[in-house]
Peer 1: 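My structure is below; once you've seen it, I'll send some questions.
Here is the naming used below: chain letters follow the sequence lines, and residue numbers restart at 1 for every chain.
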Amino acid sequence: MTRTHRRRRWFLAAAPLGALVALTLAQPALAGTATLNQPDSPNAQSIDSIYRAVLGVTVTIFVLVGGWLVYSAIRFRERPGREYPDPPQVRGSTRLEIGWTIVPILILVGLSAFTFYKLPKVTDVPKGAMQIVVTAQQYSWTFTYPDGKHPAGPNTLVVPVDTPIHLNMHSKDVVHDFWVEQLGQKQDVFPNRITHTWFQADRIGDYTGQCAEFCGSGHATMTIVVRVLSKQDYLNYMSTKATT
Amino acid sequence: MATAASPAQAVPSAPSGNTLRSWITTVDHKRIGLLYLLVTLFFFLTGGLMALVIRLQLETASGTVVSAETYDQIFTMHGTTMVFLFTVPVAAAFGNYFVPLQIGARDMAFPKLNAASFWLLLFGGMTMYSSFAFGGAPDAGWTGYTPLSVISPGHGIDFWIVGLHILSLSSILSAINFICTIHNMRAPGMRLTRMPLFTWCIEFYSIMLIGALPVLSGALTMLLLDRNYGTHFFTADGGSPILYQHLFWFFGHPEVYVVALPGFGIISEIVPVFSRKPLFGYKALVYSAAAIAFLAFLVWGHHMFATGFSTPVNIWFMVASLAIAVPTGVKIFNWIGTLWMGRIRYEPPMLFAIGFILLFMIGGLSGVFVAVFPIDQQVTDSYFVVAHFHYVMGSIPVFAVLGGLHYWYPKMTGRMLNRSLGIWSFWVLFVGFNMTFFPMHAMGLSGMPRRISSYPQHPGWERMNEIATLGSFVLSIGVLLVVYNCVTALRSGRVAGDDPWRANTLEWYTSSPPPPHNFDSLPPIRSERPLADLRAEAAG
C-alpha cells in the first residue's frame with residue numbers, strides 16, 4: 001500500500017470519529033460540563049445552539065489536527081540506537097499552505113454565518129416586555145418594578161412565566177455584571193450609564209445567578225435569585241406584597 | 001549595515017570572573033540574559049505559590065484558607081506577576097542571550113541600556129511586591145478595572161501603578177534594543193530572510209511592545225491622577241469607567257501575542273532540529289507571525305463583549321478575532337508539516353514542543369468560542385475564560401519556555417540536563433497542567449464566575465475544583481523536577497560540547513557557554529540553517 005493510500009485511510013477513519021464525538025457531546029446529559037447549563041429562555045437557547053455548533057466544529061478539528069500531530073509524532077520517530085540518514089529536506093508546499101489557509105477561512109465564514117442567523121433571537125427584545133429597573137451596588141441587587149416598588153427584597157427578582165422581562169440596569173458604585181446563565185447572556189452594569197438585557201423564562205422555578213464582574217471583597221456574595229411563578233401565582237404574590 | 005558585527009567592535013568592558021561585582025556591573029548580553037532568566041523564574045515560582053493558595057482556597061465551597069480580602073490580593077498579584085514579571089520578560093531572557101548569537105553579533109546594540117532594562121525589571125518587581133510590607137497588596141485584579149481600582153483603599157493600587165510604569169519602561173527599552181540589534185548587528189550574509197524564527201519572533205515581540213505599552217502607561221497615569229489628585233478620568237461620578245477598559249485592552253490583547261510569539265519562536269527552533277528537516281514553510285511562518293502582530297491591535301473589544309456594544313461593533317470584533325485563528329492555524333499546520341516524514345528524536349525539548357502544540361491547539365480552539373460574541377456573553381468572566389487563557393498564556397511559559405530551557409540549557413551552562421529526568425518532568429507537567437485547567441472549562445459552563453473566593457451556594461462545583469487543586473500540586477511537582485534538574489546538572493551534568501543537538505543556528509557554532517566575545521569566526525551564512533549547510537558540505 002502506498003503512503004498516500006494509508007494517509008487517506010487515516011483521514012477517512014478520523015472524520016467520522018470527530019462527528020461521533022461531536023454528537024456525543026450534544027447529549028443533554030452533559031449540560032454544565034461540556035455544554036452550557038439547560039437554557040430556559042429564547043436568548044439562552046439561541047446561544048446554546050451556537051455553542052453546540054462551535055463545539056461540534058472545534059472538536060472535529062481537534063480530533064483531525066491533533067490526530068495528525070500525534071500520528072506524525074509517533075509514525076516518524078527514530079528508534080534509539082539506530083543511525084538514520086537525513087530525511088528528504090522538504091521546505092514547504094505552496095499548494096498545501098494555500099489550502100490550509102483557505103479551509104479555515106471557509107470554516108470561520110460558515111460559523112459566522114450561522115451565528116448571524118441565530119443572532120436576532122439573542123439581541124431582539126420581544127415587544128411589550130415588562131420593564132424592570134435594576135440597581136447594583138456593593139454587594140447587592142435591587143429590582144424596581146414599573147409601579148416603583150421592589151416587592152421581593154434585595155437580590156431576588158420575582159417574575160411571571162412566559163413573559164418577556166426587560167432589565168434596565170445601572171450601578172451606584174463600581175462595575176458589576178448581571179448573569180443568570182440559564183436565562184441568557186451576561187451584561188455589565190456601569191455607573192453613569194444604563195445597560196440592558198432581557199429574558200423570558202419558559203419554566204417555573206428558581207434560577208440562581210451572581211455578579212460576574214469582580215467588584216470587591218464581597219463579590220462572591222453578590223448572588224441573584226430569579227423566582228419564576230405561574231401567571232396566577234405571580235398576580236397573587238404581587239397583591240399580597242402590594243404594600244412593600 | 002550587516003558588516004557592523006565584527007569581534008573587534010568596541011563594547012564597554014566589565015570586570016571578568018565570577019565575582020558578585022562582575023555580575024552586578026555586567027553589560028554582557030549573555031550574563032544579562034541569565035540574570036533575566038533567574039529573576040523571571042523566581043517570579044514564576046512566586047506566582048505559582050500564589051496559584052496554589054488560590055487552588056487551596058477554592059478546593060471547598062466555603063473557602064476558608066484565606067479571607068476574601070487576602071484572596072483578592074493574591075489573585076491580583078498572581079496575574080500581575082505571571083504576566084508582567086514572568087511571561088513577558090522571560091522572552092527577553094532568551095532574547096538577550098540568543099538573538100545576538102543567532103545573528104552572529106558580538107553583543108546587543110546598546111549593552112548598557114540592556115543592563116538598565118534588567119535592573120528596571122528587578123526594581124519594578126520589588127516595588128510592586130513591597131506593597132505587602134506597606135499596608136496591603138493591590139486587590140483589583142491584574143486588569144485593575146475602574147472605578148473599583150480608583151476607590152480601592154490603601155496604597156496597594158498605587159504600588160501596582162508605579163511598579164507597572166517601571167516594568168513598562170524596562171520592556172520598552174529592551175524592545176528598542178532588540179530592534180536596533182536585529183536591524184544593525186547582523187553578521188555578513190545574515191539577511192532578514194535567513195534569520196532564525198526565534199529572532200523574527202523577538203522582532204515582532206518588540207514592535208508590539210512599543211505599540212502597546214505606551215497606551216497602558218497613559219491609562220495608568222490617568223488612574224494614578226484619579227486616585228491621588230482628584231481628576232475624573234475613570235471615576236463613577238463624571239468619569240468614564242469603560243474608557244479604562246478600552247485603553248487597558250488595547251494594550252492587553254497585543255500583550256497576549258507579545259507572550260505568544262516568542263513561544264512560537266522557540267517551538268519553531270526546536271521542531272526542525274529534532275525532526276532533522278528544515279522548517280516547512282519558513283516564509284509562511286514569518287508572515288503569519290507578522291499577521292498575528294498586526295491583527296492583535298484590532299481585536300481588543302472581544303474582552304468587552306459584555307459591556308454592551310452595539311451589534312455592528314460586536315460583529316467587527318468577532319470577525320477580526322476569528323481572523324487571528326487563520327495565521328495561528330498556519331503555524332500549527334507548518335509545525336506538523338515539519339514533523340511529517342521527519343526523523344523525530346525524542347529528547348526532552350521535542351516532547352515539550354509537541355506537548356505545547358497540542359495544548360495550544362486546545363487554547364486556540366476555545367478561543368473560537370470566546371470570539372463568537374453571543375457565546376462569550378455567556379462564558380466571559382467565568383472559569384471557561386480562565387481555562388482558555390491558561391491553555392494559551394499558561395501553556396507558553398510551562399511548555400514553550402521550559403522547552404526552550406531544556407533546549408538551550410546546554411548552550412548556557414555547557415552541561416546537559418538529565419534526559420530521563422527531563423522526560424519525567426514533561427509528563428508530570430503535562431498531566432498536572434491538564435488536570436488543573438481542563439476542568440475549569442466545565443466550571444465556567446456550569447456557571448462559576450472567576451475571582452470569587454467562595455461558593456457556598458453551589459456545593460456541586462466542589463468536585464471539579466478538587467480535581468483542579470490536585471492537578472495544581474502535580475503541576476508544582478513537575479516544576480520542582482525541572483528546577484532540581486537544572487540545579488544538579490550545573491555540577492554533575494554531562495559536558496555538552498558545542499552542538500549536542502545537531503542544531504541549525506549560529507548559537508551552536510560557538511563553544512558552550514560561549515566566550516565573552518561570542519564567536520572566534522563565523523561560518524558562511526547561505527540559508528536560515530548555516531550549520532545544516534556546513535554538515536551537508538562536509539558530507540559532500
Peer 1: Any idea which of A:Gly218, A:Cys211, A:Ala44, A:Ala212 has the most non-hydrogen atom pairs under 4.5 angstrom with chain B?
Peer 2: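 Most heavy-atom pairs under 4.5 Å with chain B: A:Ala212.
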Peer 1: Does any backbone or side-chain atom of A:Ile74 lie under 4.5 Å from a heavy atom of chain B? Answer side chain, backbone, both or neither.
Peer 2: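 Just its backbone gets close to chain B.
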Peer 1: Check each atom of A:Ile102 against the heavy atoms of chain B and say whether the ones under 4.5 Å are side chain, backbone, both or neither.
Peer 2: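 Neither part, no heavy atoms under 4.5 Å.
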Peer 1: Checking B:Phe373 against chain A: side chain, backbone, both or neither under 4.5 Å from a heavy atom?
Peer 2: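 For B:Phe373, side-chain heavy atoms alone lie under 4.5 Å from chain A.
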Peer 1: By a 4.5 Å heavy-atom criterion (distance strictly below it), what part of B:Arg535 contacts chain A: side chain, backbone, both, or neither?
Peer 2: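 Neither; nothing under 4.5 Å.
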Peer 1: List for me each residue that meets salt bridge (Lys or Arg N to Asp or Glu O under 4.0 Å) alongside A:Asp124, sequence neighbours excluded, and say none if there are none.
Peer 2: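 A:Asp124 satisfies salt bridge (Lys or Arg N to Asp or Glu O under 4.0 Å) with no residue once adjacent residues are dropped.
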Peer 1: Which region of A:Arg193, side chain (C-beta onward) or backbone (N, CA, C, O), has a non-hydrogen atom less than 4.5 Å from a non-hydrogen atom of chain B, or is it both or neither?
Peer 2: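 Side chain only.
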Peer 1: So what's closer than 4.5 Å to chain A heavy atoms on B:Met304: side chain, backbone, both or neither?
Peer 2: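 It is neither, since no heavy atom gets under 4.5 Å.
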Peer 1: Side chain, backbone, both or neither: which part of A:Ser93 has an atom under 4.5 Å from a heavy atom of chain B?
Peer 2: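 For A:Ser93, heavy atoms of backbone and side chain both lie under 4.5 Å from chain B.
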Peer 1: CG of B:Leu445 to CD of A:Glu181: how many Å apart, nearest 0.5 Å?
Peer 2: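 Interatomic distance, B:Leu445 CG to A:Glu181 CD, rounded to 0.5 Å: 7.0 Å.
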Peer 1: In Å and rounded to the nearest 0.5 Å, what is the CZ to CG distance from B:Phe280 to A:Leu96?
Peer 2: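 Reported to 0.5 Å precision, the distance equals 5.0 Å.
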Peer 1: To the nearest 0.5 angstrom, please state how far the CG atom of A:Asp86 sits from the CZ atom of B:Arg502.
Peer 2: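 A:Asp86 CG to B:Arg502 CZ: 5.5 Å, rounded to 0.5 Å.
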Peer 1: Less than 4.5 Å to any heavy atom of chain A: does that hold for the side chain of B:Ile151, its backbone, both, or neither?
Peer 2: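 Side chain of B:Ile151 only, per the 4.5 Å heavy-atom cut-off to chain A.
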Peer 1: When you compare the side chain of B:Pro449 with that of A:Gln210, does any pair of heavy atoms fall below 4.5 Å?
Peer 2: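 Touching, per the 4.5 Å side-chain cut-off.
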Peer 1: Under 4.5 Å heavy-atom distance to chain A, tell me which part of B:Val372 shows up: side chain, backbone, both or neither.
Peer 2: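 For B:Val372, the contact with chain A is made by the side chain alone.
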Peer 1: Just by distance, do the side chain of A:Gln187 and the backbone of B:Ala306 share a donor-acceptor pair under 3.5 Å?
Peer 2: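 Yes: the side chain of A:Gln187 pairs with the backbone of B:Ala306.
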Peer 1: Holding to side chain to side chain donor-acceptor pair (under 3.5 Å), I want the full list of residues that pass it with A:Asn155, two or more places apart in sequence or in another chain.
Peer 2: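 Counting only residues at least two positions away or on another chain, A:Asn155 forms no side chain to side chain donor-acceptor pair (under 3.5 Å).
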Peer 1: What residue, out of B:Gly342, B:Gly308, B:Pro241, has the most heavy-atom pairs lying under 4.5 Å from chain A?
Peer 2: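 The candidate making the most pairs under 4.5 Å is B:Gly342.
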Peer 1: Report which part of B:Leu358 has an atom under 4.5 Å of a heavy atom belonging to chain A: side chain, backbone, both, or neither.
Peer 2: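 Interface part for B:Leu358: both.
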Peer 1: Is it the backbone or the side chain of B:Phe333 that comes under 4.5 Å from a heavy atom of chain A, or both, or neither?
Peer 2: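 Both backbone and side chain.
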Peer 1: Below 4.5 Å, heavy atoms only, C-beta onward: do B:Arg343 and A:Phe76 meet side chain to side chain?
Peer 2: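 Not touching, per the 4.5 Å side-chain cut-off.
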Peer 1: Is it the backbone or the side chain of A:Phe190 that comes under 4.5 Å from a heavy atom of chain B, or both, or neither?
Peer 2: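 Side chain only.
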Peer 1: Applying side chain to side chain contact (heavy atoms under 4.5 Å, CB included) to A:Leu69 and B:Met361, what does each step give before you reach the verdict?
Peer 2: CA-CA 11 Å; A:Leu69 169 68; B:Met361 218 187 302; 4.1 Å; yes
Peer 1: Between A:Ala73 and B:Ile354, what is the shortest heavy-atom contact and its length?
Peer 2: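 Closest approach of A:Ala73 to B:Ile354: CB-CD1, 3.8 Å.
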Peer 1: I'd like to verify something: which residue of A:Thr195, A:Leu36, A:Val70 has the highest number of heavy-atom pairs under 4.5 Å with chain B?
Peer 2: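 When all of A:Thr195, A:Leu36, A:Val70 are compared, A:Leu36 has the most.
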Peer 1: Who in residues 309-316 of chain B is close to chain A, using a strict under-4.5 Å heavy-atom cut-off?
Peer 2: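 Those residues of residues 309-316 of chain B which have a heavy atom under 4.5 Å from chain A are B:Thr311, B:Ile315.
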Peer 1: Taking ring pair (Phe, Tyr, Trp, His ring centres under 6.0 Å) as the definition, give me every residue that meets it alongside B:Phe75, ordered by chain and number, with sequence neighbours left out.
Peer 2: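 Partners of B:Phe75 by the ring pair (Phe, Tyr, Trp, His ring centres under 6.0 Å) criterion, ordered by chain and then number, come out as A:Phe214, B:Tyr71.
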Peer 1: Which region of B:Val150, side chain (C-beta onward) or backbone (N, CA, C, O), has a non-hydrogen atom less than 4.5 Å from a non-hydrogen atom of chain A, or is it both or neither?
Peer 2: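 No part of B:Val150 comes within 4.5 Å of chain A.
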Peer 1: Hey, which of A:Glu213, A:Glu78, A:Arg77 has the most heavy atom pairs under 4.5 Å with chain B?
Peer 2: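 Top count of heavy-atom pairs under 4.5 Å with chain B: A:Glu78.
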Peer 1: Under a 4.5 Å heavy-atom cut-off, does chain B meet the side chain of A:Trp100, its backbone, both or neither?
Peer 2: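 Contact with chain B involves both backbone and side-chain atoms of A:Trp100.
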Peer 1: Taking the side chain as every heavy atom from C-beta outward, state whether B:Glu69 and A:Ser217 have any pair of such atoms under 4.5 Å apart.
Peer 2: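 Yes; the side chains approach each other to less than 4.5 Å.
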Peer 1: Whether B:Glu528 and A:Arg91 form a salt bridge (side-chain N of Lys/Arg under 4.0 Å from carboxylate O of Asp/Glu) is what I want to check.
Peer 2: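 Salt bridge present between A:Arg91 and B:Glu528.
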Peer 1: For chain B, which of A:Ile107, A:Thr115, A:Thr197 has the most heavy-atom pairs under 4.5 Å?
Peer 2: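 The residue among A:Ile107, A:Thr115, A:Thr197 with the greatest pair count is A:Thr115.
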Peer 1: What part of A:Asn37 lies closer than 4.5 angstrom to a heavy atom of chain B: side chain, backbone, both or neither?
Peer 2: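 When you check distances to chain B, atoms from both the backbone and side chain of A:Asn37 fall under 4.5 Å.
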Peer 1: Write down the atom of A:Ser72, the atom of B:Leu339, and the distance for their closest heavy-atom approach.
Peer 2: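 Heavy atoms of A:Ser72 and B:Leu339 come nearest at CB-CB, 4.2 Å.
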Peer 1: Indicate the atoms forming the closest heavy-atom contact of A:Gln89 with B:Pro278, along with that distance.
Peer 2: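 For A:Gln89 and B:Pro278, the tightest heavy-atom pair comes out as OE1-CD, 3.2 Å.
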Peer 1: With a 4.5 Å cut-off on heavy-atom pairs, point out which of B:Thr235, B:Ile242, B:Thr143 contacts chain A the most.
Peer 2: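 Highest number of pairs under 4.5 Å: B:Ile242.
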Peer 1: Is B:Ser366 in contact with chain A via its backbone, its side chain, both, or neither, using a 4.5 Å heavy-atom distance?
Peer 2: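 For B:Ser366, no heavy atom lies under 4.5 Å from chain A.
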Peer 1: Is B:Tyr145 reaching over with its side chain to a backbone N or O of A:Cys215, donor-acceptor style, under 3.5 angstrom?
Peer 2: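 It does not hold such a pair.
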Peer 1: Is a side-chain N or O of A:Lys186 found less than 3.5 angstrom from the main chain of B:Gln378, in a donor-acceptor match?
Peer 2: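 Yes: the side chain of A:Lys186 pairs with the backbone of B:Gln378.
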Peer 1: Return the option, out of A:Ser46, A:Pro104, A:Gly184, with the maximum number of heavy-atom pairs under 4.5 Å with chain B.
Peer 2: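 Of the candidates given, the most pairs with chain B belong to A:Gly184.
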Peer 1: Please walk me through it: do B:Ile332 and A:Val65 pass side chain to side chain contact (heavy atoms under 4.5 Å, CB included)?
Peer 2: CA-CA 9 Å; B:Ile332 287 173; A:Val65 182; 4.2 Å; yes
Peer 1: As a quick check of understanding, evaluate side chain to side chain contact (heavy atoms under 4.5 Å, CB included) for B:Ile375 and A:Val54, giving each step before the final call.
Peer 2: CA-CA 9 Å; B:Ile375 302 177; A:Val54 174; 3.7 Å; yes
Peer 1: What part of A:Gln182 gets within 4.5 angstrom of chain B, counting heavy atoms only: side chain, backbone, both, or neither?
Peer 2: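 Contact with chain B: none, neither part.
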Peer 1: For B:Thr146, is it the side chain, the backbone, both, or neither that has a heavy atom closer than 4.5 Å to a heavy atom of chain A?
Peer 2: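 Answer is backbone: N, CA, C or O of B:Thr146 sit under 4.5 Å from chain A.
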Peer 1: Please verify the inter-ring angle class for B:Trp340 with A:Tyr71; under 30° counts as parallel, over 60° as perpendicular, anything in between as tilted.
Peer 2: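 B:Trp340 vs A:Tyr71 ring planes: tilted.
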Peer 1: Does any part of the side chain of B:Leu322, heavy atoms only, come nearer than 4.5 Å to the side chain of A:Leu111, both counted from C-beta?
Peer 2: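 No, their side chains stay 4.5 Å or more apart.
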Peer 1: Might you work through the side chain to side chain contact (heavy atoms under 4.5 Å, CB included) test for A:Phe116 and B:Met318, ending with a clear yes or no?
Peer 2: CA-CA 11 Å; A:Phe116 299 150; B:Met318 165 178 161; 4.2 Å; yes
Peer 1: Counting only non-hydrogen atoms closer than 4.5 Å, does A:Ser112 touch chain B with its backbone (N, CA, C, O), its side chain (CB onward), both, or neither?
Peer 2: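 Contact with chain B is through both the backbone and side chain of A:Ser112.
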Peer 1: Please determine, among B:Ser67, B:Gly329, B:Pro456, B:Gly281, the option with the most heavy-atom pairs under 4.5 Å with chain A.
Peer 2: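 Ranked by heavy-atom pairs under 4.5 Å with chain A, first place is B:Gly281.
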Peer 1: Check whether any side-chain heavy atom of B:Pro374 lies under 4.5 Å from a side-chain heavy atom of A:Leu119, and answer yes or no.
Peer 2: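 Yes, side chains in contact.
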Peer 1: Testing the basics here: between A:Pro85 and B:Arg276, what is the closest heavy-atom pair and its distance to 0.1 Å?
Peer 2: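 Shortest heavy-atom separation between A:Pro85 and B:Arg276 comes out as C-NH2, 3.5 Å.
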Peer 1: Considering only heavy atoms, which portion of A:Asp173 lies under 4.5 Å from any heavy atom of chain B: side chain, backbone, both, or neither?
Peer 2: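 The backbone, not the side chain.
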Peer 1: Nearest 0.5 angstrom please: A:Thr208 OG1 to B:His458 NE2, how far?
Peer 2: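 Interatomic distance, A:Thr208 OG1 to B:His458 NE2, rounded to 0.5 Å: 4.0 Å.
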Peer 1: Check each atom of B:Ser275 against the heavy atoms of chain A and say whether the ones under 4.5 Å are side chain, backbone, both or neither.
Peer 2: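 B:Ser275 touches chain A through backbone heavy atoms alone.
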